[in-house]
Amino acid sequence: MLDAKHFREGIEETAAALLRRGFQLDVEALTALEVQRKEIQVRTETLQSERNSRSKSIGQAKSRGEDIAPLLAEVGSLGEQLEAAKAELNQVQQELQSVIASVPNLPAAEVPEGADENDNVEISKFGTPKAFDFKVKDHVDVAEALNHGLDFAQGAKLTAARFVVMKGGVARLHRALTQFMLDLHSEQHGYAETYVPYLVNHASLHGTGQLPKFGKDLFHVEGESQDQVALSLIPTAEVPLTNLARDEIFEESELPVKLTAHTPCFRSEAGSHGRDTRGLIRQHQFDKVELVQLVKPEDSMQALEELTEHAEKVLQLLELPYRKVLLCTGDMGFGACKTYDLEVWLPGQDTYREISSCSNMGDFQARRMQARFRRKGAKKPELLHTLNGSGLAVGRTLVAILENFQQADGSVLVPGVLRPYMGGLERIER
RNA sequence: GGAGAGGUGGCAGAGCUCGGUUUAAUGCACCUGACUUGAAAUCAGGCGUAGGUUCACACCUACCGGGGGUUCGAAUCCCUCCCUCUCCGCCA
């Protein structure tokens, strides 16, 4: 959510900045609503004030034992007028709110303008894709040769399409990856390991921006009654981790807060039917190790560089070739002002595929969540900045290892850094 | 699952029985000033969040777990949901 000031003063500049990411702001409609809002709000508050003082004098008269009947008559239609004004105000504010809530974050100045992923800018490359002297298989076939290591048929039987069962060495490799990532970030990069709920309420989803716009991408759990709190499965640990700051005021000295968590993530992938139907790339349930930072505004851009490097470190230690891409305005997420994607090389697809997305959300989420901090000696709290990134998506990392470390004999070499987590195992066979 | 007790500002804690000079008492913590060589103690003042009007000084509105209701008026009464605590039962 943007500061309401962006829509009152300098709305033209705001509209221009939003146009960079292809968002058309209806300046006229918004300005008209704002004029209405102001008039109605002033009128409502005046009525309110009037009612308060009259009620007060009724109370005073009563305590003096005077007859309050004439005073009551005087109040007359005030209540109805007030109620009508309140309803009107409510209506306008809801309209304003729904417009404002659907406006994405302003892109940072250095973000390249563009329409889609084709306009993203490659920043750097790490490693070189291995040359194989045999015909490479994709991860589905590699795992299949390892005793049905990835069993999509069984996943579909238990649940539905886009669910998987992992077995044996592949399942263990998957577990080793999460352990390795968590240890790296908590021991080397200064993130506090955190365990969080996998079901969250709507206030949390609204805080990070999944609601109100993107509810169809989530799995929802119904409550027993309509009044009960509705819960949803988290699409990413970003939601619970970032919402830890909701309605909090931090001391300046407590920042930055750096958190990491390993969770499953659940996505209904609405609108992606028919894409990546084969394999582990796009599942309804996948594991991810998430990185979240809460920082002072002036530190957030530097923090994004560091957070991205922390995610890159995982790929480097796993010896997986990847490239780092700066997303263009058209490809960024709703709440982001700047995003780097890390794309890992997948020989089975002969291409780079996204394995991590690291974003600076600026104060966009913080404003929704009222996540603030107080500078030393300052009276007023300020909104902090939030950042998040995958460090990394575990399922896709597993895909990358199966494909990049496959051997001619069908076995898969275990990257050196993972061996301690695999009981010293050097390769997965049969 | 059953029974009961609760949720009030940074913290503690009154107000709820009986709705109205309570724009939430009081204490602690915190900030500023006075006194002091400095500190402590003492004294005086300040001390929440959000929104709005205004060039400004100021003023106004909302907020006592969330939402709704009754009323001229709700922290206080009613409904509902959430959360915390105690006891019983069940359970990994």
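Chain naming here is simple, since letters A, B, ... match the order of the sequence lines and numbering starts at 1 in each.
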*Base paired to rA40(B) (Watson-Crick or G-U; both N/O distances under 3.5 angstrom)*: none
*Describe the nucleic acid contact of Arg372(A) in one word from base, sugar-phosphate, nothing, applying a heavy-atom distance below 4.0 Å.*
sugar-phosphate
*Applying a 3.5 Å limit to both distances, which nucleotide forms a Watson-Crick or G-U wobble pair with rG27(B)?*
rC11(B)
_Cationic N near anionic O, under 4.0 Å, Arg278(A) to Asp141(A)_ = yes
_Separation of the C1' atoms in rA29(B) and rG9(B), to the nearest angstrom_ = 13 Å
*Is Arg374(A) near enough to rG10(B) that one of its side-chain N or O atoms lies under 4.0 angstrom from OP1 or OP2?*
no
*By nearest nucleotide on RNA chain B, pick out whichever of Gly59(A) and Glu50(A) is the more 5' one.*
Gly59(A)
*Between rA50(B), rC72(B), rU53(B), which nucleotide has the shortest distance from any of its atoms to the side chain of Arg37(A)?*
rU53(B)
*Which whole number of Å gives the distance between the P atom of rC28(B) and that of rA44(B)?*
12 Å
*Looking only at side chains, do Gln210(A) and Thr208(A) share a donor and an acceptor under 3.5 Å apart?*
yes
*Ignoring hydrogens and angles, are the base of rG51(B) and the side chain of Glu45(A) linked by a donor-acceptor pair under 3.5 Å?*
yes
*Would you kindly give the CG-to-C1' distance between Leu89(A) and rA50(B), to the nearest whole Å?*
14 Å
_Residue matched to rA58(B) through Watson-Crick or wobble contacts both under 3.5 angstrom_ = rU53(B)
*How about Lys5(A): does its NZ atom have over 12 heavy atoms from other parts shown lying under 6.0 Å from it?*
no
*Strand partner of rG4(B), provided both Watson-Crick or wobble distances fall under 3.5 Å*: rC85(B)
_Paired nucleotide for rG19(B) [Watson-Crick or G-U wobble; both distances under 3.5 Å]_ = none
_Under a 3.5 Å cut-off for both contacts, is rG73(B) paired Watson-Crick or G-U wobble with anything, and if yes, with which nucleotide?_
none
*State whether the number of non-hydrogen atoms from other residues, nucleotides or ligands found under 6.0 Å of Glu83(A) atom CD is greater than 12.*
no
_Whole-Å gap separating P (rC83(B)) and CG (Asp247(A))_ = 16 Å
*Watson-Crick or G-U wobble partner for rC63(B), using a 3.5 Å limit on both distances?*
rG48(B)
_N/O donor-acceptor pair, side chain Lys56(A) with base rG20(B), under 3.5 angstrom_ = no
_Glu39(A) CD to rU53(B) P, straight-line distance once rounded to whole Å_ = 12 Å
*asked:* So does Leu291(A) get a backbone contact from the side chain of Thr260(A), meaning a donor-acceptor N/O pair under 3.5 Å?
replied: no
*Give the nucleotide from the list rU49(B), rG52(B), rA62(B) with an atom nearest to the side chain of Pro381(A).*
rU49(B)
_Inter-nucleotide P distance (rG51(B), rG46(B)), Å rounded_ = 25 Å
*P-based separation of rG67(B) from rA62(B) [nearest Å]*: 15 Å
*Do the side-chain N and O atoms of Gln365(A) and Glu238(A) include a donor-acceptor pair separated by under 3.5 angstrom?*
yes
*For rU17(B) versus rG27(B), give the span between their P atoms, rounded off to a whole number of Å.*
26 Å
*Can you tell me how far C1' of rU49(B) sits from CD of Glu382(A), to the nearest Å?*
16 Å
*Asn52(A) CG - rC59(B) C1' separation (whole Å)*: 14 Å
*Rounded to the Å, how far apart are Lys86(A) NZ and rG68(B) P?*
10 Å
*Send over the distance from Arg54(A) CZ to rU71(B) C1', rounded to a whole Å.*
17 Å
_Residues His262(A) and Asp287(A): side-chain donor-acceptor under 3.5 angstrom_ = yes
*Taking for each residue the nucleotide of RNA chain B with the nearest heavy atom, is it Ser49(A) or Gln41(A) whose nucleotide lies nearer the 5' end?*
Gln41(A)
*How far does the C1' atom of rG68(B) sit from the matching atom of rA12(B), given to the nearest Å?*
32 Å
_Whole angstrom value for the distance that separates C1' of rU23(B) from CD of Gln48(A)_ = 13 Å
_Inter-nucleotide C1' distance (rG10(B), rA3(B)), Å rounded_ = 35 Å
_Integer angstrom distance from the C1' of rA25(B) to that of rA75(B)_ = 13 Å
